[in-house]
*Asks:* 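Starting off with a structure, shown below.
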Amino acid sequence: MGRMIGILVVSLAVVLGVNWFLDSYIDQYVVRVINMCGISIILAVSLNVINGLCGQFSLGHAGFMAIGAYVSAWFTTTLRYFDEAQAKYVAIEPMFSSQWGFVPALIVGGIAAAIAGAVVGIPTLRLKGDYLAIATLGFGEIVTIMITNFETIGGANGLPGLPAYSNTFWIFAFVVIVVMFSWYLQRSTFGRALIAIRENELAAEVMGISASRMKVMAFIYGAFFAGIAGGLLGHLLQTISPATFNFMKSIEVVVMLVLGGLGSMTGAIVGAIVLTALPEALRDVESEIGLVGVRMVAYALVLILLMIFRPQGIFGQKELSLKLLGRLIPGRKSGNAGGEE
Amino acid sequence: MTSLLATEDLTIRFGGLTAVDGFCLKVHEGELFGLIGPNGAGKTTVFNMLTGVYLPSEGTVHCDGRLVNGMNPVQVARLGVSRTFQNIRLFDELSVLENAMTGAHQHSKINLFDSLFRTPRHYREEKRQRDIAYRLLEFMGLEDRAGLAAKQLPYGHRRKLEIARALATEPKLICLDEPAAGMNTGEKAELSALIRKIRDELKVTVLLIEHDMKLVMGICERIQVLDYGKTIALGTPKEIQNDPKVIEAYLGGE
């Protein structure tokens, strides 16, 4: 535990330093892309616990994000609604009206999303594969439709005026936390139990691992951090609408995972960075050659080529480590490479 | 002698097919018991009912005096019944050591927060699981392969790893489903010795399904023969060998 606090303190200090550096010297547009990468990392790493480790194909991540975003906004933003009796708009002052309320609001958003995760997890326990994907997709749609019909939080028009509390520091502070927790989770008895369920559910149950408990745990864990990411995104964009969290957002996160290698946390991080930064990088190329739309073609091409030549993703299920890097250098054979049989 | 496992009139039907019919079994504590029968006799189905995978249509299963019917596999495992599978079901992506460690998961008393915050309890639990897993890998002769991925193991070792994993749940009764299938004579002899060691040294009662007559006759104290879902004989290896019904079932009648 002492070591964990040490890592956390050092990482947060580094993040604070980087935040200051970016704010002072780097172009705001680049900072924006970096922040979006951070949010994508939180999403991909948290979804990796559900989809990658536990093998439960979920397409509901955007739904959890939406819950986190709207619940945290509820606490930080002045809401306006039309009062019929007075025939005018009435404003509700936010509960947390200072910057200090941001993290509590995010956490409340995360908890709300985690509760939703349990609510989705329990009834869908019996579903596997495609059926689970469809059920979670349905959940995401239900969330956006409910928000669309909820006038106090802006309905279909979206909710404007979220305070700009998100910055590089807060986003990457949560990146550090989610990466650290997920790494610790993966390398614990719970991580092994999740992988056991993915590899062979019947054998896991016979070993006394309760698949239903572990699956609900994975959903709660993933949903919590998706909720946090939603809150961070909301306070970065400052305007949220149901369309921000449509099912394409869920698909996007799944694609990040698949690109990096389903089941690999470092793969998820790389996938998140590549798929967030790539369209932005291609934007420059696009304007140079003057061919609008080429960006999305290239983006799709990257995915198609990957699926042809490396269907298991960049890292497969392996984690990026110094040992692996050493093995990639030609002419060097790592001593403890397996497969001696 | 007390019976650790007792079934009474155990019957299961799949649609019109009665796979197991009125099956009675009594396995005493500390016994090495064999369950044999021709292909399709319903042996694996019996295992599936004993471990909570299938719910019997009729009859009861008692383990250690407690009713097992209606329990799910997780609850049966907690009760101290563990098993291996005829078609090996390992966790391929986990290492050999981690496979064995998953067996010890059910006795862990830590919660998720212990692991996320790396509390001392987490480290104690990891050490406990690793110790159990290493001890059993050593027992099965796999300790020098602990770091390999399970999918890299050759066939015979996969069988052994599955037994090690089942033993890591610290069961009272272990059900082995054709552990010698696909092994050569040398490997079979080694396995017989291991199965005997499981009973003698670890004090685990063994219920064995096996096709290899020599192996079953060599190590089991009592044998029950199943054919078309019905028990046709029960006794010591010697009695079974000379039972005309058994000979008929295996070699065919006139």
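Just so we're on the same page: letters track the sequence lines, and every chain starts at 1.
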*Asks:* I need the B:Ser115 OG to A:Gln186 CD distance, nearest 0.5 Å.
*Replies:* 12.5 Å

*Asks:* Any chance OH of B:Tyr155 has more than 12 other-residue heavy atoms, nucleotides or ligands included, within less than 6.0 Å?
*Replies:*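 Yes, the 6.0 Å shell around OH holds more than 12 heavy atoms from other groups.
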
*Asks:* Does any N or O in the side chain of A:Glu199 come within less than 3.5 Å of the main-chain N or O of B:Glu93, such that one atom is a donor and the other an acceptor?
*Replies:*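 Yes, the answer is positive, given that a donor and an acceptor are paired below the 3.5 Å cut-off.
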
*Asks:* For chain A, which of B:Thr119, B:Ile110, B:Val81 has the most heavy-atom pairs under 4.5 Å?
*Replies:* B:Ile110

*Asks:* Heavy atoms, side chains only, cut-off 4.5 Å: are B:Ser82 and A:Met207 in contact?
*Replies:*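 A side-chain contact under 4.5 Å exists here.
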
*Asks:* Heavy-atom count around B:Phe14 CZ within 6.0 Å, excluding the residue itself: above 12?
*Replies:*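 Yes, CZ of B:Phe14 has more than 12 neighbouring heavy atoms, counting only those of other groups under 6.0 Å.
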
*Asks:* More than 12 heavy atoms of other residues, nucleotides or ligands under 6.0 Å from CZ of A:Arg213: yes or no?
*Replies:* no

*Asks:* Kindly determine whether A:Tyr184 and B:Phe117 satisfy ring pair (Phe, Tyr, Trp, His ring centres under 6.0 Å), including the steps that lead there.
*Replies:* CA-CA 8 Å; A:Tyr184 283 166; B:Phe117 292 98; 9.2 Å; no

*Asks:* Can you confirm whether A:Ser188 sits close enough to B:Arg118 that some side-chain heavy atom of one is under 4.5 Å from a side-chain heavy atom of the other?
*Replies:*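 Yes; the side chains approach each other to less than 4.5 Å.
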
*Asks:* Counting only heavy atoms closer than 4.5 Å, note whether A:Met217 contacts chain B via side chain, backbone, both or neither.
*Replies:* side chain

*Asks:* Between B:Thr51 and chain A, which part of the residue has a heavy atom less than 4.5 Å away: side chain, backbone, both or neither?
*Replies:*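 It is neither, since no heavy atom gets under 4.5 Å.
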
*Asks:* Among residues 171-178 of chain B, which residues come closer than 4.5 Å to chain A, judged by heavy atom distances?
*Replies:* none

*Asks:* If I compare all heavy atoms of B:Phe91 with all of A:Ala203, which pair ends up nearest, and what's the gap?
*Replies:*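 Where B:Phe91 meets A:Ala203 most closely, the heavy atoms are CE2-CB, 3.8 Å.
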
*Asks:* Is the number of heavy atoms from other residues, nucleotides or ligands under 6.0 Å of B:Asn87 CG greater than 12?
*Replies:*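 Counting neighbours around CG of B:Asn87, more than 12 heavy atoms of other residues, nucleotides or ligands fall under 6.0 Å, so yes.
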
*Asks:* So which part of A:Arg187 gets closer than 4.5 Å to some heavy atom of chain B, the side chain, the backbone, both or neither?
*Replies:*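 The answer is both parts of A:Arg187.
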
*Asks:* For B:Asn48, is it the side chain, the backbone, both, or neither that has a heavy atom closer than 4.5 Å to a heavy atom of chain A?
*Replies:*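 Contact with chain A is absent: no heavy atom of B:Asn48 under 4.5 Å.
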
*Asks:* Is a side-chain N or O of B:Arg78 found less than 3.5 angstrom from the main chain of A:Gly208, in a donor-acceptor match?
*Replies:*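 Yes; judged by distance alone, with no hydrogens or angles, the pair exists.
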
*Asks:* Can you measure from CG (B:Leu116) to OG (A:Ser182) and round to the nearest 0.5 angstrom?
*Replies:* 8.5 Å

*Asks:* As an exercise, state the distance from CZ of A:Phe190 to NE2 of B:His122, rounded to the nearest 0.5 Å.
*Replies:* 9.5 Å

*Asks:* Just so I know, are the side chains of B:Met101 and A:Arg192 near enough to count as touching, which here means a heavy-atom distance under 4.5 Å?
*Replies:* yes

*Asks:* Please round to the nearest 0.5 Å and tell me the distance separating atom OG1 of B:Thr102 and atom CG of A:Asn200.
*Replies:* 10.5 Å

*Asks:* Looking at chain B, which one of A:Gly2, A:Gly191, A:Ala204 has the largest number of heavy-atom pairs inside 4.5 Å, strictly under?
*Replies:*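 Answer, by heavy-atom pair count under 4.5 Å with chain B: A:Ala204.
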
*Asks:* Hey, which of A:Leu185, A:Ile220, A:Thr189 is the one that makes side-chain contact (heavy atoms from CB on, under 4.5 Å) with B:Leu112?
*Replies:* A:Leu185

*Asks:* With chain A as the partner, which of B:Glu162, B:Glu126, B:Glu98 has the greatest number of non-hydrogen pairs under 4.5 Å?
*Replies:*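 Of B:Glu162, B:Glu126, B:Glu98, B:Glu126 has the most heavy-atom pairs under 4.5 Å with chain A.
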
